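I have placed the structure first, in the form of structure tokens, so that the comments after it can refer back to it.
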Amino acid sequence: MEYNFREAEKKWQEKWEEAGVFHAQDNADKPKFYGLVEFPYPSGAGMHVGHIKAYSGLEVVSRKRRLQGYNVLFPIGFDAYGLPTENYAIKTGIHPRKVTDDNIAKFTDQLKRVGFSFDWTRVIDTTDTDYYKWTQWIFLKMFENGLAFRDKTLVNYCPSCKVVLSNEDSQGGKCDICHSDVVQKSKDVWYLRITEYADKLLEGLEKVDYLPNVKQQQINWIGKSRGAFVQFTLKNIPETLRIYTTRPDTLFGVTFMVIAPEHPLIDRYQDQIGNMDAITAYRAECAKKTEFERTQLVKDKTGVKIEGLTAINPVNGKEVPVYISDYVMMGYGTGAIMAVPAHDDRDYAFAKKFGIDIIEVIEGGNIQEAAYAGDGKMVNSGFLNGITDKQTAIAKMIDYLVENGIGEGGVQYKMKDWAFNRQRYWGEPIPIVHCPHCGMVAVPYDELPLKLPEVENFEPGSDGESPLAKIDSFVHCKCPKCGGDAKRETDTMPQWAGSSWYFLRYVDPHNPESFADYEKLKYWMPVDWYNGGMEHVTRHLIYSRFWYKFLYDLGVVPYEEPYAKRTAQGLILGPDGVKMSKSRGNVIDPNEVVDVYGADVLRTYVLFMGDYEKAAPWSESSVKGCKRFIDRVWNLQTILTEGDSYCAKLESLLHKTVKKVSEDIEALKYNTAIAALMTLLNGVYDAGEINRAELRTLLILLNPFAPHVTEEMWETLGYGEMLARDATWPTYDPSKCVDSTVEIVVQICGKIRAKLTVPTDISAEEAIRLAKAEPRIAAEIEGKTVIKELYVKGKLVNIVAK
RNA sequence: GCGGAUAUGGUGGAAUUGGCAGACACGUUAGAUUUAGGAUCUAAUGCGCAAGCGUGCAGGUUCAAGUCCUGUUAUCCGCACCA
């Protein structure tokens, strides 16, 4: 009797939905488990198998938890604002709302066909007014608390998408969406002051269970450094030049200063600069370079000496020249540095090129050859001379700076404030009104949601203005404060906004009074386990932690961290071993796999194909292997016998399998969990029969991976109505995981010479005696001196003889 | 350049505290079944005719090393002139 997976899968998906078995119960008496997967962006291309792998991990954990008696929240939703949809709308003229709805319908259908146990009563859509009302609400709270502000600065601008991008969206000088070169542009933009939470984000990492490299990436991204600010007086100019350094201990080795091309000092003292023409020319040259060029041309240092500007080293009164160079960034520290060529590679390269003095202040390197960044004895350094410990020297110097009022210790972060707006249509409107009298005024809370107006043309303005700016009825409004004529903010929020708090809405998705009820949050939060892609570890994961911590400070969410545990799945590569992409044509559509082999096979394969955390190529023939496995499970019916307890032949194997599968699922080792189930299956066929009690255990263990076939067998064979609702996860007896006899190897000097079957609890003496009694071993040690004899319990006997 | 990871059969990948390397699959080969193909079942399958040799490479520690130590190479990922 062949297994009709098409019929069975459809049937069980409907039954689960009818019975509501995967609905999370609020405030239930059971222990809770909140498993979270990154909700998809509903693109027109539909899902690919990578999504399936990403969701299958916690799908298995969630199903197992339910069988273990947990109240499980395993939700799904759609992160639906974003550029691809908008660009598609521009191209086709179809409204993004329609595009989004169609795509969501497509994704929903695909997800349901795989049989994921999501709670479909809690689906959220970030473009839904009931949802983005609260996104706007959180933004206004940030605005109220000074965390959302507007500032004019150089921004990363994508000329192709016509949008301002955050640093995170323009890594490597390429637009994250269309991959064209990003240019620098001066613009008035919204920022979220994420830097204010830098320390909290850093400290919070100590309390959570994230993969080590996830933590490390966040630490690097935040990029905290300790150092000192130092004031250098300028000759003939009534102003000081403030610099940041991590090496205040090398202050005596300063031979020049460098300021960034955009440094404001230059504009203020143009008259006193002898070579303003050359400097203006250099600045123009730098402005032309994209961020990418500027950071890529690392090898070659360029710059211009500023004639007429001389700085005075505050620790020794020495006069040093000031240069302008683009190896110093305006956006980090103070945009000015003290250069110590003897002990910094970049300063060294610059000094060599411009023929500037190099003064050694730390012994240990050869400054004729290269800069020396290591430790050593301080020399040429006044009161620091003779110190050999860097930390002591730094501490002493900072004390000196403070005492003399010329500087202080300080910290800097690589992380910048978050550019929080896009000049685009398909995003949450920023609920702010610009009033000529009152300035920026928040839209009152009771007017939320501020709905996205209908427009005809989604194309952004040529100067990078939002399409909303063209809608008069939207733009013109009354100031909520003074009632006078005012204009609305026309920028929208970036793609990352909606995903920064979605996990909170799942807890209470239909609440009209607040983003989520505090008591429900207290029950469900924090997310027990969050799985997603490595690519979201520095952006989404930091942003959402920031929003959550802000809400925590407001007192509207409990607990300090949103996610207790974070893991990441590896990519599924194309059959050609390269990352799947439309352009390469190596994308695998999950629907096709479901059609041909069934959902259970797809689910099993994506978890069996390799280490869950590593990338692995798709292999059609390995999919067939999983198909064979499922069919062999189905065919167990042909050798089923009666029996309500494990028979002796399979007892130990069953206990071992329960242990292995239970433990491996928790450790993200789905591939070996499935391998253990295959081993069990092979064992059953070797035994030639399986009784009802044994099959029951096998079905439950396999259920999280292959829920349809196991349900179908559960019902057909009369175990009950519904496995997912009625079954209990099996337990194992550790004493039964051990066999009564074990095969050990006998080694001579570490080389295997014989194998021996002995009782598991054999004594060392007895094992060695038996080993020596083996004819082959006896022959080997004949005439030699036995130096050492070892017995490793249940493993081996090793006899060292000469 | 900095940080992190990885390296095991023809392929994907397994291997507690160091203790039988190659679990489980895929593929391949042979056989059975089948009109044929496919599917299924059975057996074999690291390399070598052998003694032996085998976990990127070179050393080291140990009775014993994929695992620990030192050095080195390659690949991948993240950050990248961050002072």
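If you're wondering where the values come from, they're calculated on a predicted model, not measured in any experiment. In what follows, every chain begins at residue 1, and chains take the letters A, B, ... in the order their sequences are listed.
Residue V800(A) is in sugar-phosphate contact alone, with no base atom involved, counting any heavy-atom pair closer than 4.0 Å across all strands shown. Residue N682(A) is in sugar-phosphate contact alone, with no base atom involved, counting any heavy-atom pair closer than 4.0 Å across all strands shown. Across all strands shown, F608(A) has heavy atoms under 4.0 Å from base atoms, whether or not it also approaches the sugar-phosphate. Within 4.0 Å of K793(A), counting heavy atoms only, lies no atom of the nucleic acid at all. Counting any heavy atom pair closer than 4.0 Å across all strands shown, Q747(A) reaches a base atom. Nucleic acid contact class of N213(A) (heavy atoms, under 4.0 Å, all strands): sugar-phosphate only. In this structure, D347(A) reaches neither bases nor backbone, as no heavy-atom distance under 4.0 Å exists between it and the strands shown. Contact annotation for A339(A): no contact, since no heavy-atom pair falls under 4.0 Å across all strands. Nucleic acid contact class of G223(A) (heavy atoms, under 4.0 Å, all strands): none.
Pairing of A30(B), defined by two Watson-Crick or G-U wobble distances under 3.5 Å, is identified with U42(B). Base pairing annotation: G78(B) forms a Watson-Crick or G-U wobble pair with C2(B), both donor-acceptor distances under 3.5 Å. Judged by Watson-Crick or G-U wobble contacts below 3.5 Å, the nucleotide A25(B) has U11(B) as its partner. Pairing partner, A83(B): none, since no Watson-Crick or wobble contact has both distances short of 3.5 Å. When both distances must be under 3.5 Å, the Watson-Crick or G-U wobble mate of U35(B) does not exist. A 3.5 Å limit on both hydrogen-bonding distances identifies U70(B) as the Watson-Crick or G-U partner of A58(B). Base pairing of C47(B): its partner is G52(B), meeting the Watson-Crick or G-U wobble criterion (both donor-acceptor distances under 3.5 Å).
Counting non-hydrogen atoms of neighbouring residues, nucleotides and ligands closer than 6.0 angstrom, the CZ atom of R226(A) reaches no more than 12 such neighbours. In K353(A), the NZ atom is crowded: over 12 heavy atoms of neighbouring residues, nucleotides or ligands sit closer than 6.0 Å.
Checked against the 6.0 Å centroid threshold, W418(A) and Y543(A) count as a close aromatic pair.
Nearest to the side chain of A675(A), among C20(B), A23(B), C63(B), sits A23(B). Listed nucleotides C81(B), C63(B), C26(B) differ in distance to S621(A); the shortest reach to its side chain belongs to C26(B). The side chain of S225(A) lies closest to A83(B) when the candidates are C63(B), G13(B), A83(B). The K795(A) side chain lies nearest to G19(B) when the options are A83(B), G19(B), G3(B). Comparing C20(B), A83(B), C81(B) by their nearest atom to the side chain of V745(A) picks out C20(B). Closest to the side chain of K669(A), from the set G19(B), G13(B), A15(B), is A15(B). Nearest to the side chain of M678(A), among A14(B), A25(B), C63(B), sits A25(B). Of the candidate nucleotides G13(B), A83(B), C26(B), C26(B) has the atom nearest to the side chain of S622(A).
The cationic atom of K624(A) (NZ for Lys, CZ for Arg) does not lie both less than 6.0 Å from the six-membered ring centre of Y597(A) and within 45° of the ring axis. A cation-pi arrangement is absent between K301(A) and F350(A), since the terminal nitrogen or guanidinium carbon is not both under 6.0 Å from the aromatic centre and inside a 45° cone about the axis.
For the side chain to side chain donor-acceptor pair (under 3.5 Å) test with N220(A), the passing option among Q217(A), Q216(A), Q218(A) is Q216(A); the others fail.
G9(B) has its base syn relative to the sugar, with a glycosidic angle deviating from 0 by at most 90°.
In this entry the distance linking CG of D631(A) with C1' of A39(B) reads 10 Å, nearest Å. In this structure, OH of Y612(A) is placed 16 Å from P of G13(B), rounded to the nearest angstrom. Going from atom CG of D611(A) over to atom P of U11(B) covers 18 Å, rounded to whole Å.
Of the side-chain N and O atoms in Y332(A), one or more sit less than 4.0 angstrom from OP1 or OP2 of A83(B). For the pair N671(A) and A14(B), the criterion of a side-chain N or O lying under 4.0 Å from OP1 or OP2 is met. Taking only side-chain nitrogens and oxygens, K788(A) comes nearer than 4.0 Å to OP1 or OP2 of C63(B). Remark: R628(A) is not in phosphate contact with C41(B), judged by side-chain N or O atoms under 4.0 Å from OP1 or OP2.
With hydrogens and angles ignored, no donor-acceptor pair under 3.5 angstrom links the side chain of K624(A) to the base of C26(B).
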